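Okay, structure first, notes after.
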Amino acid sequence: MSLFIPPDYFRELRHDEIFPSPSRPLEVELGCGDGTFLQQMARQHPERDFLGLERMLGRVEKTLRKIAQAGLPNAKVLRLESGYSTGWLLPTASISRLHLLCPDPWPKKKHAARRLVNQEEFLNGLARVLKPGGEFLLKTDDAVYFEDALASLGNRPEFERLDWSADAFFYPLTDFESHWLAMGRDIHRARWRRL
Ligand SMILES: C[S@@+](CC[C@H](N)C(=O)[O-])C[C@H]1O[C@@H](n2cnc3c(N)ncnc32)[C@H](O)[C@@H]1O
């Protein structure tokens, strides 16, 4: 079953409770939307496991349909909030890459604290769940969100920024990203390594 239901929502999970083999790389996408990116990544990399997190039921269902149609045993979806999951639920030092792609921008100044990259719970969790050498990859069309992310991650000694050219490795467009590009918007990208 591709819908992942944690055995307990109030303690840290073990890697083998999500996917059976902790020796396989685990990648997590926060706010996976309709699953466009997750499905393509799981097809391209059958040797890795992929967990998508999404809080909206309709989008979870779309992602589940894509996973089922493509017959992907290495992709699952968890319907839960990203900050809590990263902060408390996902296993420590278990994740090879964590993707945050076109997150909700919360553009109003009074909502800045809602941006995931401005939340201590998320930043502490990010440092906790990534393996040493693991990576956090962010794309956004929102310049203010991007500046916040650069400032937040730049203040954390656990991370170093890496180069990320567009053709560095297989990295499919998300649904929202395609939409923004079609409208002529710029997409900002950044990539950090957990030291
Ligand atoms: C702008 S959409 C982008 C979706 C997808 N990443 C894409 O690029 O096509 C943001 C997604 O993140 C989800 N989301 C926003 N905040 C979330 C949170 N705190 N926890 C889980 N999902 C969240 C939304 O429901 C939505 O599907």
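All of these numbers come straight from a predicted model, not from anything done at the bench. Ligands are counted one by one from 1 in listed order, and the atoms in each one are counted from 1 as well.
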### Query
Among protein heavy atoms, which lies nearest atom 26 (C) of ligand 1, and at what distance?
Arg59 NH1, 2.8 Å
### Proximal atoms of ligand 1 relative to Asp175 (non-hydrogen, under 4.0 Å)
9 (O)
### Task
Write out the residue and atom name of the closest protein heavy atom to atom 12 (O) of ligand 1, then the distance separating them to 0.1 Å.
Gly31 CA, 3.4 Å
### Query
Starting from atom 10 (C) of ligand 1, which protein heavy atom do you reach first, and at what distance in Å?
Asp104 OD1, 3.2 Å
### Query
Does Gln40 reach the main-chain N or O of Phe37 with its side chain, forming a donor-acceptor pair under 3.5 Å?
no
### Geometric N/O contact Gly83 with ligand 1, under 3.5 angstrom
no
### Task
Verify the neighbour count for atom CH2 of Trp88: are there more than 12 heavy atoms of other residues, nucleotides or ligands below 6.0 Å?
no
#### Entry: Shortest protein heavy-atom distance from atom 20 (N) of ligand 1, along with the residue and atom involved
Ser82 N, 2.8 Å
### Summary
Distance col, row Leu101:CG vs Leu30:CG, nearest 0.5 angstrom, shows 9.0 Å
### Query
Taking Asp141 for the side chain and Arg185 for the main chain, is one N or O donor matched with an acceptor at less than 3.5 Å?
no
### Task
Among all protein heavy atoms, pick out the one at the shortest distance from atom 25 (O) of ligand 1; state its residue, atom name and that distance to 0.1 Å.
Glu54 OE2, 2.5 Å
### Task
Indicate yes or no: does an N/O atom of Glu177 lie under 3.5 Å from an N/O atom of ligand 1?
no
### Task
For the pair His99 and Tyr171, evaluate ring-ring contact (aromatic ring centres under 6.0 Å, His included) and give the outcome as yes or no after the intermediate values.
CA-CA 11 Å; His99 313 271; Tyr171 210 78; 5.5 Å; yes
### Message
Is it true that Thr140 and Asp142 share a donor-acceptor pair across their side chains at a distance under 3.5 Å?
### Response
no
### Task
Could you establish whether Asp34 and ligand 1 come within less than 4.0 Å of each other, counting only heavy atoms on the residue side?
no
## Note on the structure
closest protein heavy atom to atom 19 (N) of ligand 1 is Glu81 OE2, 2.8 Å
### Query
Considering only heavy atoms of Leu80, which atoms of ligand 1 have at least one such atom less than 4.0 Å away?
20 (N), 21 (C)
### Task
Would you confirm whether Lys139, through its side chain, and Ile187, through its main-chain N or O, come within 3.5 Å as a donor-acceptor pair?
no
## Note on the structure
So for Arg55 against ligand 1, with non-hydrogen atoms under 4.0 Å, the contacting part is both
#### Entry: Closest non-hydrogen atom pair, Leu78 against Phe4
CD1-O, 3.5 Å
### Message
Would Phe176 count as a polar contact of ligand 1, with the cut-off being nitrogen or oxygen pairs under 3.5 Å?
### Response
yes
### Query
For ligand 1, which atoms sit closer than 4.0 Å to a heavy atom of Thr174?
7 (C), 8 (O), 9 (O)
### Message
Please determine whether a side-chain nitrogen of the Lys or Arg among Arg11 and Glu17 lies less than 4.0 Å from a carboxylate oxygen of the Asp or Glu.
### Response
yes
### Top protein contact for atom 3 (C) of ligand 1, by heavy-atom distance
Cys102 O, 3.2 Å
### Message
Main chain of His45, side chain of Asn74: is a donor-acceptor contact present, judged purely on distance under 3.5 Å?
### Response
yes
